[in-house]
K.L.:
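Here you go, one structure.
Bear in mind the structure is a predicted one, so any value in this text is a computation, not a measurement.
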Amino acid sequence: MFVLIVGAGRVGSAIATATLKAGHEVSVLDEDPISHERLDKELDISWEEAGGQFTVGTALEVEALKAAGIERADAFVASTDGDNTNLVIAQIAQRRFEVPKVYVRVMDPARASWYA
């Protein structure tokens with residue numbers, strides 16, 4: 001399974017590392033190149049040596065999503081620190097790219113229940 005995760009903060013990097021360790025192909029997209037360091041922390045080798053992909057870019061830009069592999073994603077995780085961003089990119093993944101499984105991190109409880 002190919003999983004694209006947007007956002008390599010604490011949540012995104014934890015999901016990415018666990019998913020890669022479970023044997024899946026994982027690509028991470030984040031606008032901060034330093035966030036790549038979080039992906040290496042729980043591995044004995046580098047993220048790329050373990051088979052992961054990392055792309056620097058803004059998730060609201062379709063070209064960045066394509067560079068990260070959204071066109072072949074089986075699952076998509078929106079885990080940035082912004083609810084609005086997560087909701088928009090999740091809709092892009094689901095509607096434009098028809099990703100079969102889309103998961104969204106929503107931190108505002110009012111929005112979470114409404115979008116559920």
Side-chain angles (χ1 to χ4, degrees):
M1 175 181 283
F2 180 77
V3 181
L4 173 57
I5 300 168
V6 176
R10 288 188 317 264
V11 173
S13 61
I15 293 169
T17 304
T19 305
L20 188 68
K21 285 181 177 180
H24 300 286
E25 192 177 355
V26 182
S27 176
V28 176
L29 172 65
D30 197 290
E31 60 189 8
D32 180 6
I34 296 173
S35 65
H36 180 277
E37 295 173 4
R38 286 187 201 94
L39 298 169
D40 291 333
K41 281 187 178 178
E42 293 185 39
L43 301 171
D44 297 331
I45 55 178
S46 76
W47 175 251
E48 284 78 11
E49 289 173 330
Q53 176 184 336
F54 184 81
T55 305
V56 177
T58 303
L60 292 169
E61 296 176 1
V62 172
E63 290 307 313
L65 290 168
K66 286 182 177 180
I70 195 166
E71 293 173 307
R72 63 186 195 95
D74 300 302
F76 180 88
V77 179
S79 65
T80 74
D81 60 359
D83 286 354
N84 291 336
T85 299
N86 288 341
L87 294 168
V88 169
I89 62 176
Q91 289 179 352
I92 291 169
Q94 192 173 44
R95 294 183 180 164
R96 179 167 180 180
F97 293 100
E98 299 178 351
V99 178
K101 302 242 185 236
V102 176
Y103 303 92
V104 184
R105 176 185 185 195
V106 180
M107 295 179 282
D108 181 355
R111 283 186 179 159
S113 62
W114 192 80
Y115 280 102

K.L.:
Any link between Val77 and Ile92 through a network of hydrophobic side chains (Ile, Leu, Val, Met, Phe, Trp, Tyr) touching at under 4.5 Å?
P.N.:
no

K.L.:
Please examine the side chains of Leu65 and Leu29, heavy atoms only from C-beta on, and report whether any two atoms are closer than 4.5 Å.
P.N.:
yes

K.L.:
Side chains of Met1 and Glu25, heavy atoms from C-beta outward: is any pair under 4.5 Å?
P.N.:
no

K.L.:
Hey, are the side chains of Val104 and Leu87 touching, using non-hydrogen atoms and a 4.5 Å cut-off?
P.N.:
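Yes, close enough: below the 4.5 Å cut-off.
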
K.L.:
Measuring from Arg72:CZ to Ser27:OG, what's the distance to the nearest 0.5 Å?
P.N.:
8.0 Å

K.L.:
Could you check whether any side-chain heavy atom of Gln53 comes within less than 4.5 Å of a side-chain heavy atom of Leu4, counting everything from C-beta outward?
P.N.:
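Contact flag for Gln53/Leu4 side chains = no.
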
K.L.:
Give, for atom CG of Leu39 and atom CG of Leu20, the distance between the pair rounded to the nearest 0.5 Å.
P.N.:
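Leu39 CG to Leu20 CG: 9.0 Å, rounded to 0.5 Å.
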
K.L.:
So with a 6.0 Å cut-off around CD1 of Ile34, is the heavy-atom count from everything else above 12?
P.N.:
no

K.L.:
Do Ile70 and Val99 touch side chain to side chain, with heavy atoms closer than 4.5 Å?
P.N.:
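Touching, per the 4.5 Å side-chain cut-off.
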
K.L.:
As a test of understanding, state which of His36, Lys41, Glu42 forms a side chain to side chain contact (heavy atoms under 4.5 Å, CB included) with Trp47.
P.N.:
His36

K.L.:
Does Asp81, at its CG atom, have more than 12 non-hydrogen atoms belonging to other residues, nucleotides or ligands within less than 6.0 Å?
P.N.:
no

K.L.:
Going through the distances and angles, do Val56 and Asp30 end up as a side chain to side chain contact (heavy atoms under 4.5 Å, CB included)?
P.N.:
CA-CA 5 Å; Val56 177; Asp30 197 290; over 6 Å; no

K.L.:
Is the number of heavy atoms from other residues, nucleotides or ligands under 6.0 Å of Glu48 CD greater than 12?
P.N.:
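Atom CD in Glu48 is crowded, with more than 12 foreign heavy atoms closer than 6.0 Å.
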
K.L.:
With the 4.5 Å side-chain cut-off for hydrophobic clustering, are Val3 and Phe97 part of the same group?
P.N.:
no

K.L.:
Can you find a heavy atom in the side chain of Phe76 that is under 4.5 Å from one in the side chain of Val6?
P.N.:
yes

K.L.:
OG1/Thr19 to NE2/His24 distance, rounded to the nearest 0.5 angstrom?
P.N.:
6.5 Å

K.L.:
Just checking, any donor-acceptor pair under 3.5 angstrom between side chains of Asn86 and Thr80?
P.N.:
yes

K.L.:
Are Phe54 and Leu43 connected in a single hydrophobic cluster, I mean Ile/Leu/Val/Met/Phe/Trp/Tyr linked by side-chain heavy atoms less than 4.5 Å apart?
P.N.:
yes

